[in-house]
Amino acid sequence: TAHAAMRTNTVGFVVAWQVVAAPFIGALKLQKRAPHARAPIVVHEGSYKDATVLVYSPGVVDGKSLVGTDAAFLTAYLAAEDGLDLFVNAGTCGGFAKRGGTVGDVYCCDEFKHHDRRVPIPGYDAMCVGHRRATPAPGLVSKLGLKTGLCTTGNSFRNPFCLLITYGRLQKSWPVTLKPRKNSCC
């Protein structure tokens, strides 16, 4: 049976911090949607060529960006309700220069790991530091010439200095001006 070519009409990008997505949002002239009814997520929408583009971020509460796996999951869950044809996790996803990653690389994840969920109960400790294989997508990898690799996530920053060097100018206080650098110290 021949498969009809599937067209990608709606692309969603999930980012951890809205400030990191700001240059992308500005370049595509995306417009902010009305506040979400069920969560503080922020959604920007517009178009590029013939596709609808949506950028989702977890939002801000009490002046602080919502970060971590809970906020990321809720944002992704609510984004999925928009019926996306393609879902992109835009961020470092654990990609580091010392492992060959550079700004602008696009990866198709072949495995996922989550860490720093400390539950020191036998049996739960292994479950809470998880490792899952991704659904293989060799056709996508081949057709788009993507790198493959691990996507890792957690709820803490192990090295805040590295975070600042990677994403922006080192300043004495937040907020920092976030500008990705070509080479990461991580």
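- Rounding to the nearest 0.5 angstrom, the gap separating the OG1 atom in Thr148 from the CG atom in Leu140 is 11.0 Å.
- Placement of Phe73 and Val15 in two distinct hydrophobic clusters is found when ILVMFWY residues are connected by side-chain heavy-atom separations under 4.5 Å, directly or transitively.
- Heavy atoms only, all atoms of each residue included: Pro58 and Thr75 are closest at CA-OG1, 3.2 Å.
- To the nearest 0.5 Å, the span separating CG on Leu78 from NE2 on His36 amounts to 4.5 Å.
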>> Pair Val106, Leu144 - check side chain to side chain contact (heavy atoms under 4.5 Å, CB included), show working.
In response: CA-CA 9 Å; Val106 178; Leu144 298 178; over 6 Å; no

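- Leu86 and Phe24 fall within the same hydrophobic cluster, defined by Ile, Leu, Val, Met, Phe, Trp and Tyr side-chain heavy atoms under 4.5 Å apart, directly or through other members.
- Tested against Glu45, the residues Arg33, Lys29, Lys32 include a single salt bridge (Lys or Arg N to Asp or Glu O under 4.0 Å) partner, Arg33.
- Across every non-hydrogen atom of Cys109 and Ala134, the tightest pair is O-CB, 3.2 Å.
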>> What verdict does the side chain to side chain contact (heavy atoms under 4.5 Å, CB included) test give for Asp82 and Thr10, after you've listed the backbone C-alpha separation in whole Å, the side-chain angles of each residue and the deciding distance to 0.1 Å?
In response: CA-CA 9 Å; Asp82 282 334; Thr10 308; 5.7 Å; no

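- In this structure, Gly149 and Tyr107 approach most closely via the heavy-atom pair N-CD2, 4.0 Å.
- Taken together through direct or relayed side-chain contacts under 4.5 Å among Ile, Leu, Val, Met, Phe, Trp and Tyr, Val60 and Trp17 form parts of separate hydrophobic clusters.
- Residue Glu81 places its CD atom among more than 12 non-hydrogen atoms of other residues, nucleotides or ligands, all under 6.0 Å distant.
- Closest approach of Phe112 to Leu150, counting heavy atoms only: C-CD1, 4.1 Å.
- Shortest non-hydrogen contact noted between Val11 and Leu84 is C-CD2, 4.3 Å.
- Note on Leu74 and Phe87: same hydrophobic cluster, where clusters join Ile, Leu, Val, Met, Phe, Trp and Tyr whose side-chain heavy atoms are under 4.5 Å apart, directly or indirectly.
- From Thr135, atom OG1 reaches atom CG of Asp110 across 11.5 Å, with rounding to the nearest 0.5 Å.
- In this structure, Leu66 and Pro40 have side chains that are in contact, with non-hydrogen atoms separated by less than 4.5 Å.
- The one candidate from Leu28, Ile25, Val88, Val14 that meets the side-chain contact (heavy atoms from CB on, under 4.5 Å) condition with Val55 is Ile25.
- Gly12 and Tyr56 get closest at one heavy-atom pair: CA-CE1, 4.0 Å.
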